[in-house]
Each structure stands twice: as structure tokens, then as C-alpha cells.
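One structure is given here, and the rest of the page talks about it.
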Protein chains: 2
Amino acid sequence: MQIQPSFRATAPQGRTTGDVSDLLSSMVPTAVTFYAPDQPIYGQGDAAGPLYLVEFGTVRICRLTADGRRQISAFHTAGEVFGFEAGIEHDSFAESVDGAGIRVLRPNCNGQPTASLLLLALRSLARTQHHLMVLGRRNAGERMAALLVDLAERQGNEPVVNLSMQRNDIADYLGITFETVSRILRTFKEQKLIRLRSISQIEILDLDTLQDMCE
Amino acid sequence: MQIQPSFRATAPQGRTTGDVSDLLSSMVPTAVTFYAPDQPIYGQGDAAGPLYLVEFGTVRICRLTADGRRQISAFHTAGEVFGFEAGIEHDSFAESVDGAGIRVLRPNCNGQPTASLLLLALRSLARTQHHLMVLGRRNAGERMAALLVDLAERQGNEPVVNLSMQRNDIADYLGITFETVSRILRTFKEQKLIRLRSISQIEILDLDTLQDMCE
DNA sequence: CGACCTGTTGATTCTGCTCAATCAACGTGG
DNA sequence: CCACGTTGATTGAGCAGAATCAACAGGTCG
């Protein structure tokens, strides 16, 4: 049986930017726009259509409950594409976390949905499903470990992880409170799993244990 | 500006089956296979590739932690397609919940990824993101309300909702324990929000209140 | 310098989990 | 037909993890 690569996504080990260059050919990119910290990129209810490519910085995808509780469904960093929507308008909103450079990708009129477009959507889906497990079945420490491992991996597994987002964002991503984030980081420190170089720099001392907590 | 329908998904109000007929043209459907309750459809680590169309019954998509905790990321019912994967193999597994009829859709060799394929993936993404909010920022009662409202809507907003899954599945879908599911249903009953016709039939008495709990 | 914002820490509360008993429904075998 | 075992659901008691409420520290910026 021959498997069609278009939706089985044969080459996941390639870097994201590799696929993006493919994507660019089917869409019309604009110049890079800078978004200051906390600046909105698109809002809930805005018309969907264009996609957004992160050039640098970090973006958060958020949703609010009626009484103001916030859930961040994803952080996006350099090379990643966001803005996918099944409906005609966005039901999440996107904001710059720390000052981000964004390239808007506008669809051109003739374009087919390329394989890479589908692949990017499927990666978002896989990531979201993984996060679903974290929120549904993991306690606060395991959630924090999952985030640290994820960030470390995205940043090339260097010993020092940069937290571009603040405690509040971390909490709303992990479905806990920012006080709990603080406490968990302290216990990790006491267990010699990490070292807090500064408020936004975490040195990973024991990656194995952190991975074991959330594999 | 012209918006490309392929990934903006212009016609979300259509029934899912309508899009599936489009999808069928680009893939090779097999005959319907019956899966008995709890029978696996595909396993974690199995090669991804084909998609699966639910003809009748309910399917659960699951993931396990190393110590055996389970998270159900989605239930799929008649007309829905599942089995999307970004990588070369499945990182979730799928099982029949209550006895389900499944049609396997095998990709043919020439096919492009059609627009409807992308649309289905984006719907899965939207659903998963919505569920992420439920798991991250909602308490047990609100989670249960969200499920009931979702099921009611899927079943055409009839007054009586059929629970094709048992308490254990509901719990693992909502990220709570089955005892809590029981307790929440009892409080809903005491609040006259629902009536328990039988163990698997719930009569919705106050849909508005349930919707308010989870909008 | 003071106001403000973010982060940390402590005290207390509470939601939901764990452990456990009980019950109802069902199937099996004597 | 009944005794028994099994499985799923309900309910209760006690506990633990995380939230809430509150105080305080450190850094930044006007």
C-alpha cells in the first residue's frame, strides 16, 4: 500500500522553517511587523484568513471565559505559523508576549491548500492534544516540568532556558495560578532540578528527572 | 482582498457529512467494519496514513501516562472523521466505545490534499482548543455541563441526551474521577437541571443554565 | 524618592481525590 | 429458579493539593 505523504506528514524531523519556505510559495508574505509586549495581533471575532509567521519573539494564543478566566492554548516562537481557524472568524485571540516580529501571509487567489499547510495544521493539532493530556491528567509539578522540557527542547536543549513569558502567562498556559508556579519553581530549586539564574533564566540541572515527570 | 476558502473554511454551518462526501472522492473507502465495545481501532505507535469515518456508534481517542492515567482527547460519532496525525505514526490510540461501524479511507496515490481534508483537520483543532479551555479553567461542574451541552447539540438538541459512554470514559474525557462525575450528576439532579431517565439517558431540564455554566 | 508592577511566601480554605462501603444490573452455573 | 460473582454506579468519610487571601520584597520608571 502506498501512503500519500500529503497528510501523513512524512518528514517531521525537518525544521519548521523548512516547511515554511514551501508554504511561502503558495502565499503572499508581507514585511515583518513589530508588536510591542501585550499588543494584540488579532482579536476574538476578527475575520480569519491570513496566517502569521513568527520571525522573532513569542506570541500567545488565548481564550477567555465569561467571568474573565484566561486559558493560553499555545505559545509560538520563531519559525512557527499560527492563525489557523476552522470557521470564518477567530475564536481565540493572539497577542505579543515580549515584543515579537510577525510576517503576515496572505492567501493568493489561485492557490490550492498545499501539503505543508496541512502539515502545519496537523502539528498544531498534535501539540494541542499533547497539552490536553497535561491539563487533564497532570498535577502542578508535572505541568511545570512539561513546560520546562518543552522550552528546553525548542531552545536547542541548552542548559539555560529563557522564559520569555512571565509567571501569569505560565499559569494561564498550565491551568494553575501564578502563586503555584512560584511555589513549584521553588520546590524544583530545592530538589536541585533547576537553578534560577534570574527571573527569566532557568538553568536545567537535571533534565532526565524533569523528563521522567512528564513523559 | 480575496480570501482563499481552502484554509479559512468558508462553510462551517454545513453538516459534517456533507464535507465527507467531498472527501470520499479523493480517497478510497472500504466497507464498513464493526468494532465491538472496547475493541481497538488503531494503537499508539501504529503507522498513520488512513483516515477513519464513523458510520455509527462512538469512538474514543486516548493517550496514557507512564503510570496509567488516561486522557480521552475526543469522542467521535456518526459522520465524523478521525485518525489525523502529524507524524509518521499515531501517538494516540482509538477504541470503539459502544460498538461502532467504521469505514477506513485509504489515500489513493495521485491525490492532492483536498480542501475538505484541511477543513476537517481544522475542525479537530478547534474542538481540541475548546476542550483545552474546559480542562484548564473550568471546575468539575462546568466541565460536566460542557459535555452535556456538547452532546445535546450533537444529538440535535432533543430533550433527552444519550450517553453512549460510561462514567469512566466521561471522567477521563473531563479530567476528573468517575466518582466526581456521579456526584456532579446528582447535584445537577437536585438543582433540577437534569433528570436521570436511566443510567445512559439524561433528560435536559434547563439547557439555558447548563449553557451559562460553560459558555 | 515614591508609585507601581511582578514575584515570592505564608495562612487558610475548599474543591476534588482517595479509599471504602454499598447497591443495582446482569450473567453464569448448579 | 436461585445463589453467586462480576461489573458499573452511587454515596460517604477523610485527606491532600491547589486556590484564595494577604503580606511583603525587589526592581523599574516616572
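Computed over heavy atoms, backbone and side chain alike; hydrogens, waters and symmetry mates excluded. Please read these numbers as outputs of a predicted model, since none were measured by experiment. Reminder, nothing fancy here: chain letters follow the sequence lines and each chain counts from 1.
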For this session: Can you tell me the distance, in whole Å, between the CZ atom of B:R167 and the C1' atom of D:dT11?
Result: 14 Å
Exercise. Closest to the B:Q166 side chain: D:dG8, C:dC17, D:dT11?
Worked result: D:dG8
Exercise. Roughly, in whole Å, what's the span from CE in A:M165 to P in C:dG7?
Worked result: 12 Å
For this session: Starting from C1' on C:dG16, measure out to CG on A:L135 and report it in whole angstrom.
Result: 17 Å
Exercise. Taking the side chain of B:F178 as heavy atoms from C-beta outward, which of D:dT10, C:dG7, C:dT9 is closest to it?
Worked result: D:dT10
For this session: May I ask you to verify if any side-chain N or O of B:R186 is less than 4.0 angstrom from the OP1 or OP2 atom of D:dG12?
Result: yes
For this session: State which of C:dT9, C:dG7, D:dA18 makes the closest approach to the side chain of A:N139.
Result: D:dA18
For this session: Could you tell me whether A:L185 contacts a base, only the sugar-phosphate backbone, or nothing, with contacts defined as non-hydrogen atoms closer than 4.0 Å?
Result: nothing
Exercise. Got a salt bridge between B:D67 and A:R137, using NZ or NE/NH1/NH2 to carboxylate O under 4.0 Å?
Worked result: no
Exercise. Using a cut-off of less than 4.0 Å, is there contact between a side-chain N or O of B:R183 and OP1 or OP2 of D:dT10?
Worked result: no
Exercise. So which of B:T187, B:I184, B:L193 actually passes side-chain contact (heavy atoms from CB on, under 4.5 Å) with B:M144?
Worked result: B:I184
Exercise. Tell me: CZ of B:R137 to C1' of D:dA19, nearest whole Å?
Worked result: 10 Å
Exercise. If you pin B:G175 and A:L196 to their nearest nucleotides in DNA chain C, which one's is more 5'?
Worked result: A:L196
For this session: Measure from CG on B:N168 to C1' on D:dT7 and round the result to the nearest Å.
Result: 11 Å
Exercise. Is any side-chain N or O of A:T177 closer than 4.0 Å to OP1 or OP2 of D:dA19?
Worked result: yes
Exercise. Between B:T180 and C:dC17, is there a side-chain N or O to OP1/OP2 distance below 4.0 Å?
Worked result: yes
Seminar exercise, completed: A:I184 CD1 to C:dT9 P, in whole Å, measures 13 Å
N/O donor to acceptor pairs below 3.5 angstrom from side-chain atoms of residues 208-215 of chain B, sequence neighbours left out:
residue, atom, partner, partner atom, Å
B:T209, OG1, B:D206, OD1, 3.1
B:T209, OG1, B:D206, OD2, 2.6

For this session: Please determine if B:E179 and B:R183 form a salt bridge, counting it only when a charged side-chain N lies under 4.0 Å from a carboxylate O.
Result: no
For this session: Identify, between B:E179 and A:G141, the residue whose nearest nucleotide on DNA chain D lies closer to the 5' end.
Result: B:E179
For this session: Mind calculating the distance between CD1 (A:I199) and P (C:dT9) to the nearest angstrom?
Result: 11 Å
Exercise. A:K189 has an atom NZ; how far is it from atom P of C:dG7, in whole Å?
Worked result: 14 Å
Problem set entry | Salt-bridge contact B:D172-B:R63 (side-chain N to carboxylate O under 4.0 Å) | no
